[in-house]
Amino acid sequence: MAEQVVMTEPVAVEREFQTVDMNINMGPQHPSTHGVFRMVLTVDGEVVKDVIPYIGYLHRGAEKLSESLDYRGSLGFQDRTDYLAAFCNEWVHVNATERLAGIEAPERAEYVRLILSELNRVLSHLMFAGAFGTDVGFFGTAFTWAFKERELIQDYFEAVTGDRMMYNYFRVGGLAWEPHETFVEDGHWLVERLRAGVEDLDALMTRNEIMIARCRDVGLLSAEDAVNHGVTGPMLRASGVAFDLRVDEPYSIYDRFEWDIPVGDRGDVYDRFLVRMEEMRQSLRIVEQALDQMPTSGPVVAEGLPTRLRPAPAEIYQRQEGPRGEYGIYMVSDGSDKPWRMKVRSPCFHNLSALKQMTIGSYIADAVIILGSVDIVLGEVDR
């Protein structure tokens, strides 16, 4: 006879397990990072609890090297800080030197500088859109489409300067030489072509449900926190602060054009993308007006410039609106032909200061797109 066994339900015993935070090293050689940037994430499972950014892998001493060269000779270092915004950086440098030395560039040169710098802003934002698309999950499509439009701009820049990067075209007192004969006609064609390209990217990415799900309410940064961190440029405007040096402290001939400042309402990753997309449209709007107004003749370099610049002892700070925010140069003259001190105010460096606050509490996968939304160039951060 088999014995009967009475089955009883097991009693659940609650036990607490100890968890150990884990450090994940992302960079400096990692597909998720932008340039040679490294961040160490402290994670609890998939949630980020702390972020430590490490910079300095691309430090080349551009500031100190500039102090060993004359005012004209140090211009080339500006191309190599933010190499995606070389014209914009050159412009800050020559404007700072001109103010220090009391030199005024001809009107026609100002138009060419502005046109090239605004197209450089579009080129930089196209790079952002393409790279950010791969971060979010569009793989090669967004990157290829964005680079197709960038090639058109680089062809235009090459026609003007002879180079695709590191142009070294702006000069103290004007430009290195006349732009090519079809500069205005080619510019109008380029504006129309780029408008179509921006709308193609917009149709691919902006209203895509993957894009919205990945980016909306991720990496939040309030207006107050953005200001406290010294954030500028598209990141600041995405947080709801309508501050743009081209309007708030107008320089060159920006006060002659009509355009709008794109502003976000949440300060998340998605708003940063939207602001940069709209900035491209507004830059093309500025370029079109400048091409229409540009004088058809006149000098592109000031007359009577000295062979060696020796500004009187003084100091100057020139800041302008670059693609990533306030790019500033502080110069001190001691009366010699070399700046006694030259300091670069890097917008990327200040924007990165908000990375920790934006990332803590998010998932590891979100940390990748939060970093991408900052749009850093390490050559500018490290200098």
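Using the six-membered ring where Trp is involved, Phe143 and Phe147 have ring planes that are parallel, under 30° apart on the 30 and 60° scheme. Between Phe132 and Phe273, the two ring planes are parallel [angle under 30°; tilted spans 30° to 60°].
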Contacts table for residues 371-378: side-chain donor-acceptor under 3.5 angstrom, sequence neighbours left out:
from   : atom 1 : to     : atom 2 : distance (Å)
Ser373 : OG     : Arg272 : NH1    : 2.9
Ser373 : OG     : Ile370 : O      : 2.7

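Taking both residues in full, the closest heavy atoms of Leu41 and Val51 are given as CD2-CG2, 3.7 Å, listed atom of the first, atom of the second, then distance. A pairwise comparison of heavy atoms in His229 and Ser353 identifies O-OG, 3.1 Å as the closest pair. Of all the heavy atoms in Val344 and Ile329, the pair that sits closest is CG2-CG1, 4.5 Å. In plain terms, the two heavy atoms of Glu98 and Gly174 that are nearest each other are OE2-N, 3.8 Å. Taking each heavy atom of Ile55 and Phe349 in turn, the nearest pair found is CD1-CE1, 3.6 Å.
Between Arg281 and Glu199 a salt bridge is recorded (basic side-chain N to carboxylate O distance below 4.0 Å). A salt bridge links Glu151 to Arg164: at least one charged side-chain nitrogen sits closer than 4.0 Å to a carboxylate oxygen. Looking at Arg108 and Glu178, a side-chain N of the basic residue comes within less than 4.0 Å of a carboxylate O on the acidic one, giving a salt bridge.
Asn351 places a side-chain N or O within donor-acceptor distance of the main-chain N or O of Arg324, the cut-off being under 3.5 Å. Formation of a donor-acceptor pair under 3.5 Å by the Thr134 side chain with backbone atoms of Ala131 is found in this model. Thr182 places no side-chain N or O within donor-acceptor distance of the main-chain N or O of Glu185, the cut-off being under 3.5 Å. In this structure a side-chain-to-backbone donor-acceptor pair under 3.5 Å is present from Asp268 to Asp271. In this structure, Gln78 contributes its side chain and His93 its backbone to no donor-acceptor pair below 3.5 Å. Between the Ser333 side chain and the Ala314 main chain, no donor and acceptor come within less than 3.5 Å of each other. A donor-acceptor pair under 3.5 Å links the side-chain atoms of Asn228 to the main chain of Glu224, judged by distance alone. A side-chain donor-acceptor contact under 3.5 Å links Asp79 to the backbone of Asn168. With hydrogens and angles disregarded, no donor-acceptor distance shorter than 3.5 Å links the side chain of Ser124 to the backbone of Arg121. The main-chain N or O of Glu380 is never found under 3.5 Å from a side-chain atom of Tyr83 such that the two would form a donor-acceptor pair.
In this structure, Arg276 is positioned above the aromatic face of Phe128, its NZ or CZ under 6.0 Å from the six-membered ring centre and within 45° of the axis.
Interatomic distance, Gln154 CD to Thr161 OG1, rounded to the nearest 0.5 Å: 10.0 Å. A distance of 6.0 Å separates CE of Met280 from CG of Leu201, quoted to the nearest 0.5 Å. If you take CZ on Arg256 and CD on Glu110, they are separated by 8.5 Å, rounding to the nearest 0.5 Å. Expressed to the nearest 0.5 Å, how far OG of Ser239 lies from CE of Met358 amounts to 8.5 Å. One finds the CD1 atom of Ile52 at 6.0 Å from the OG1 atom of Thr42 (value rounded to the nearest 0.5 Å). The distance from the CG atom of Leu116 to the CZ atom of Phe170 is 5.0 Å, given to the nearest 0.5 Å.
In summary, the side chains of Gln289 and Gln293 do not present any donor paired with an acceptor at a separation below 3.5 Å, with no hydrogens or angles considered.
Sorted by first and then second residue, the pairs that involve residues 203-213 and meet salt bridge (Lys or Arg N to Asp or Glu O under 4.0 Å), not counting sequence neighbours, are Asp202-Arg207. Under the side-chain hydrogen bond (donor to acceptor under 3.5 Å, both in side chains) criterion, the residue pairs touching residues 51-63 are Glu63-Arg383, with sequence neighbours excluded. The list of salt bridge (Lys or Arg N to Asp or Glu O under 4.0 Å) pairs with a residue in residues 229-241, not counting sequence neighbours, reads Arg237-Asp244, Arg237-Glu279, Arg237-Glu321. Among pairs with a residue in residues 282-299, those fulfilling salt bridge (Lys or Arg N to Asp or Glu O under 4.0 Å) read Arg195-Glu288, Asp260-Arg285, at least two apart in sequence or across chains.
Under the side chain to side chain contact (heavy atoms under 4.5 Å, CB included) criterion, Tyr317 pairs with Arg319, Glu326, Tyr330, Arg345, sequence neighbours left out.
No more than 12 heavy-atom neighbours from other residues, nucleotides or ligands sit within 6.0 angstrom of CD1 on Ile210.
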